[in-house]
Amino acid sequence: EEQYKNAEQKARELEKAKEELERTAVEIELASRYKSEFLANMSHELRTPLNSLLILAQILADNKERNLTPRQVEFAATIHKSGHNLLHLINDILDLSKIESGKMDILISKVSISEIVSFTEQNIQPLAAQKGLHFTISMGPGLPENIETDQQRVQQIITNLLSNACKFTTRGSVSLDISLVPSEFGARIAFAVRDTGIGIPSAKQQIVFDAFQQADGTTSRKYGGTGLGLSISRELANLLGGFIQVESEEGRGSTFTLFLPLEQERIAHPEVLALQE
Ligand code: ADP
């Protein structure tokens with residue numbers, strides 16, 4: 001009798017604990033959604049005034065009317081640069097919160113590889129030239145003309161990897177090598193971004209993909225940046241059915257490779273599927 005009562009009591013306690021856990025899970029889920037929605041709304045509201053601030057600071061920095069002192073022009077240029085960094089941060093936070101709340105739009109279409117190449121060339125060439133880096137793009141044999149993916153997102157990932165490559169390289173070269181890679185799950189396309197820059201110690205090679213993480217705490221002051229670019233890139237690659245790999249040697253350089261499927265598998269990526277239909 002006693003034992004039976006005890007067991008019943010235990011069962012009731014367990015049931016209660018289970019209910020409590022379920023309630024907490026729902027609360028956490030809700031809080032996380034509110035956080036993402038709040039960030040998305042805030043980011044949007046912050047961008048509008050910041051954009052006008054940027055335009056006006058640029059006008060002042062241009063000093064077309066030649067009525068500002070060199071010091072005033074310098075201040076205006078600093079306001080513009082800081083504003084620009086802030087906008088970059090806000091855009092990154094907005095992207096990340098969209099991804100976290102499952103609201104990142106993915107638009108799949110047939111995307112021409114040569115279009116990706118010319119976009120990249122136009123965007124990165126000036127950046128590399130500014131730093132005196134040799135920049136090349138090469139295309140391997142057997143590449144298809146088109147792949148099924150989201151053009152804007154692929155360009156965002158590649159631009160991000162290449163701007164990092166330029167940022168963390170002071171001498172030598174930066175390159176984008178596009179090739180076809182066979183795998184047991186069908187061929188993939190690989191966009192390999194190589195640099196001859198500072199490299200990343202092996203212990204840090206995975207954490208750089210986490211939000212707000214930089215390989216070296218002191219580099220943020222030296223190189224600037226938010227530490228969000230790689231985590232956004234990794235999430236975007238996932239949404240496109242792909243992934244990013246890193247190989248790096250300290251002091252010698254890094255290679256970040258984006259692997260993408262040639263076609264979107266309908267079952268493997270429900271988010272993509274939903275948007276296609
Ligand atoms: P950010 O560049 O804004 O700091 P990222 O998420 O793009 O943020 O990169 C995170 C960190 O990874 C960088 O701060 C840097 O320490 C390291 N990193 C990324 N790309 C490279 C690279 N090509 N060479 C060396 N370090 C890199």
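Just so you know, these numbers use all the heavy atoms, side chains as well, and skip hydrogens, waters and symmetry mates. One-based numbering, in listed order, for ligands and for the atoms of each.
Distance alone, capped at 3.5 Å, places no donor-acceptor pair between the D195 side chain and the G253 backbone.
Summarising the geometry, atom CD1 belonging to I244 is positioned 7.0 Å from atom CG belonging to L230; distances are rounded to the nearest 0.5 Å.
For S254, the heavy-atom gap to ligand 1 drops under 4.0 angstrom.
Scanning V193, I232, V208, L230 for the heavy atom closest to atom 5 (P) of ligand 1 points to L230. Among L162, T196, N164, the residue whose heavy atom lies closest to atom 19 (C) of ligand 1 is N164. Heavy-atom proximity to atom 23 (N) of ligand 1, evaluated over D195, D92, L161, is greatest for D195.
A 6.0 Å sphere centred on CD of E145 holds no more than 12 heavy atoms belonging to other residues, nucleotides or ligands.
Under the 4.0 Å criterion applied to side-chain N and carboxylate O atoms, R23 and E20 are assigned as salt-bridge partners. Ion pairing between a basic and an acidic side chain is recognised when a charged N comes within 4.0 Å of a carboxylate O; R234 and D210 show such pairing.
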Kindly determine whether N123 and Q155 satisfy side-chain hydrogen bond (donor to acceptor under 3.5 Å, both in side chains), including the steps that lead there.
CA-CA 10 Å; N123 254 283; Q155 283 168 184; over 6 Å; no
Trace of the side-chain hydrogen bond (donor to acceptor under 3.5 Å, both in side chains) decision for D62 with Q58:
CA-CA 6 Å; D62 287 347; Q58 183 66 61; 3.0 Å; yes
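Listed by atom number, the atoms of ligand 1 under 4.0 Å from L228 heavy atoms are 6 (O), 8 (O). Atoms of ligand 1 found under 4.0 Å from any heavy atom of A165 (numbered from 1 in listed order, with element): 23 (N). Of all the atoms in ligand 1, the ones that sit under 4.0 Å from a non-hydrogen atom of G199 are 25 (C). Heavy-atom proximity to G227, at under 4.0 Å, picks out these atoms of ligand 1: 1 (P), 3 (O), 4 (O), 6 (O), 8 (O).
Only the side chain of K167 comes within contact range of ligand 1, with a heavy atom under 4.0 Å; no backbone atom does. Residue contacts with ligand 1 for I200 involve side-chain atoms from C-beta outward but no N, CA, C or O (heavy atoms, distance under 4.0 Å). Neither the backbone nor the side chain of F209 comes within 4.0 Å of ligand 1, counting heavy atoms alone. Of the heavy atoms in A215, both backbone and side-chain atoms come closer than 4.0 Å to ligand 1.
When I93, L96, I90 are each tested for a side chain to side chain contact (heavy atoms under 4.5 Å, CB included) with L39, only one passes: I93.
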